[in-house]
Amino acid sequence: MTPGSFSNMASSWCNKKISSVISVFVCFLLVVSSKICPVSSSETGSRHATNQTFRPQEELQKLKFDMLVGSCLSLQSPVGDLIDCVLSHQQPAFDHPQLKGQKPLEPPERPKGLEPTGMVTENFQLWDLSGEACPEGTIPIRRTTEQDMLRASSIRRFGRKLRRHVRRDTNSNGHEVFSPLCLSLSLPLLFLVTVLTSFTCLELNRFWLMSSLLTLCVNSCQRDQVLFHRVFIVLCFQIVGLQHAVGYVTGDQYYGAKASINVWAPRVSSQYEFSLSQMWVISGSFGDDLNTIEAGWQVSPELYGDNYPRFFTYWTSDAYQATGCYNLLCSGFVQTNNRVAIGAAISPTSSYSGGQFDISLLVWKDPKHGNWWLEFGNGVLVGYWPSFLFTHLRDHASMVQFGGEIVNSMPSGFHTSTQMGSGHFAGEGFGKASYFRNLQVVDWDNNLLPLSNLRVLADHPNCYDIQGGINRVWGNYFYYGGPGRNVRCP
């Protein structure tokens, strides 16, 4: 027998064996999922049904019609984006039943302790560097293209984050917590994933598999298992593919947060991965009632089709299930600014051992109307999230989180080389590692205050780590990030 024939026979045997294993394993997943978590099972079913009827051209025509009705001008960005100037009262937010017929609200009272509003609007986006801007009474909206929609798995998931399937429990210092049943299910299932995906002849949709596996453990999570949270973070984040290096505060009532975020252009290895740096304003406990307001910068080839860092917003009121979206891709966030395009590329960016650039973001709750406002830089109001979008955040937040997040799809069975932050570890310090500085929160009386109990956590410190500190100039700060795959993170 020749080496070539042996190789072909081995490959054939491998394909047959793996196919049979996959068939049995997938059937097992479907049966157990339907028994343990019918909600997730029906979600999966609806996702497949959506995929069968996903027609990007038809959906795009709907978006184009809605956008062009209110558009009075279109501008070209140097990176290829088309920015449509849309009449502010015809933006997507006003498709919401509770906002129909309304107009954007007037600016609210800013938190006490802020510097006076600057007189010059800061230019931090490529499309705006030419000096062109949308006229007063309009807002800039990045145009959604057919290519953008074709990169999405379905119209239902377009513009939305993957459901995290984890809880942020305010009674456990803000960490995700899982029960012993979660652990007992995760260990053998994680082993099966590792074994199955180690075969070079196996091509498998890892995201679907990981999501299905995690569904089995999440519904068993109980509130009294705080002791095991660090173990469960590692297990379940490894399955879902999200990895973090974050600073956080919890244990109080929060009415806003502020930070300056160092901007880089990290390498993202796969179209279906992303790297972001952001603030989370969070309330709720676990399951389906998680509320978040999010803002920062991200590199997401799937969402934008390139590797530029882009300013983004996000919100959800049901743990990333049916509500919320990125930017202005659904009705929700009300934009009031005619110079900031949410989803547009940021410029400049930082360079290793070179110039450093950061953006300052403030999210706070308007004491008068209860809406959550977003401010960029020194007094540049971007817009607001109406309070009725939320359940728990109608009152206050119970946790604030700052930091980086990446998706690890385990290409070829190894850890991804997608970078977080600058792509360098925290210990390298200024000019080399990415940072968050001047971390603050807003209290019940609309005062902007320094943090008193910042904690830091990296769930995969050999891949991405974090180091916190405090000084007179930067206040509370931390360095964070990393290269992903390396000798200590195989």
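Quick note: numbers below take in every heavy atom, side chains included, and nothing from hydrogens, waters or symmetry partners. This structure is a prediction, so every number in the text was calculated from the model and none was measured.
Here F357 and F124 keep their ring centres 6.0 angstrom or further from each other. Between W297 and F311, a ring centre-to-centre spacing not shorter than 6.0 Å is recorded. The six-membered or imidazole ring of H96 lies near that of F388, with a centre-to-centre distance under 6.0 Å. Between W474 and Y435, the ring centre distance stays below 6.0 Å.
Here I261 contributes atom CD1 and S277 contributes atom OG; the two are 7.0 Å apart, rounded to the nearest 0.5 Å. A distance of 9.5 Å separates OG in S347 from OH in Y308, rounded to the nearest 0.5 Å. One distance of note links CH2 of W364 with CZ of R110; it measures 6.5 Å at 0.5 Å rounding. Atom CE in M420 sits 9.0 Å away from atom CD1 in I466 (nearest 0.5 Å). One finds the CD atom of E375 at 5.0 Å from the CG atom of L362 (value rounded to the nearest 0.5 Å). Atom NE2 of H89 is separated from atom OG1 of T138 by 11.5 Å, given to the nearest 0.5 angstrom.
Residues N408 and Y464 fail the side-chain proximity criterion, which asks for heavy atoms closer than 4.5 Å. Side-chain contact between S422 and S350: absent, with no pair of heavy atoms (C-beta onward) separated by less than 4.5 Å. V407 has its side chain out of reach of T418: every pair of non-hydrogen atoms, C-beta onward, lies at least 4.5 Å apart. In this structure the side chain of F430 reaches within 4.5 angstrom of the side chain of Q356, judged on heavy atoms. Taking the side chain as every heavy atom from C-beta outward, N307 and P301 approach each other to under 4.5 Å. Counting heavy atoms from C-beta outward, R143 and S74 have side chains that approach closer than 4.5 Å. Residues F312 and Q278 have side chains in contact (heavy-atom distance under 4.5 Å, counting atoms from C-beta outward). Taking 4.5 Å as the limit, some side-chain heavy atom of L99 sits within range of a side-chain heavy atom of P386.
The only member of H460, Q243, R485 that meets side chain to side chain donor-acceptor pair (under 3.5 Å) when paired with H415 is Q243. Screening V363, L449, N438, L114 against K258 for a side chain to side chain contact (heavy atoms under 4.5 Å, CB included) leaves a single residue, L114.
For E273 (side chain) and S409 (main-chain N/O), a donor-acceptor pair under 3.5 Å exists by modelled atom type. Of the possible donor and acceptor atoms, one in the side chain of N327 sits under 3.5 Å from a partner among the backbone N and O of T313. Counting only distance, with no hydrogens or angles, the side chain of W385 and the backbone of F390 share no donor-acceptor pair below 3.5 Å. Remark: side-chain polar atoms of D443 are paired, donor with acceptor, to backbone N or O of D445 under 3.5 angstrom. Looking only at distances, a side-chain donor or acceptor of N371 sits under 3.5 Å from a matching main-chain atom of S387. Using a distance-only test at 3.5 Å, with no hydrogens or angles considered, no donor-acceptor pair links the side chain of R142 to the main chain of D81.
Within a 6.0 Å radius of NZ in K103, no more than 12 heavy atoms belonging to other residues, nucleotides or ligands are found.
When all heavy atoms are compared, the tightest approach of T336 to L381 is OG1-O, 4.0 Å. When every heavy atom of F333 is checked against every heavy atom of Q91, the shortest pair comes out as O-OE1, 3.9 Å. Listed here is the closest heavy atom pair of Y255 and D395: CE2-O, 3.5 Å. The two residues S398 and T250 have their closest heavy-atom pair at O-OG1, 3.3 Å. The heavy-atom pair separating T323 from S317 by the smallest distance is OG1-N, 2.9 Å. Residues F158 and A152 share a closest heavy-atom pair of CD1-CB, 3.7 Å.
A perpendicular orientation is assigned to the rings of Y326 and Y314, their planes being inclined by more than 60° (bins at 30° and 60°).
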Check against side-chain contact (heavy atoms from CB on, under 4.5 Å), Q419 and S275: CA-CA 7 Å; Q419 299 174 334; S275 180; 5.7 Å; no
Take T316 and D318, measure what side chain to side chain donor-acceptor pair (under 3.5 Å) needs, and give me the verdict at the end. CA-CA 6 Å; T316 182; D318 63 356; 3.2 Å; yes
Walk me through whether Y480 and V246 qualify under side-chain contact (heavy atoms from CB on, under 4.5 Å). CA-CA 8 Å; Y480 72 103; V246 296; over 6 Å; no
Going through the distances and angles, do L242 and K161 end up as a side-chain contact (heavy atoms from CB on, under 4.5 Å)? CA-CA 11 Å; L242 293 174; K161 283 189 175 184; over 6 Å; no
side-chain contact (heavy atoms from CB on, under 4.5 Å) between V442 and L448: does it pass, once the steps are laid out? CA-CA 4 Å; V442 180; L448 190 63; 3.7 Å; yes
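In summary, the side chains of N291 and T391 do present a donor paired with an acceptor at a separation below 3.5 Å, with no hydrogens or angles considered. Using a 3.5 Å distance cut-off with no hydrogens or angles, the side chains of Q298 and S300 do not pair a donor with an acceptor. With no hydrogens or angles considered, no side-chain donor-acceptor pair links Y479 and E428 at under 3.5 Å.
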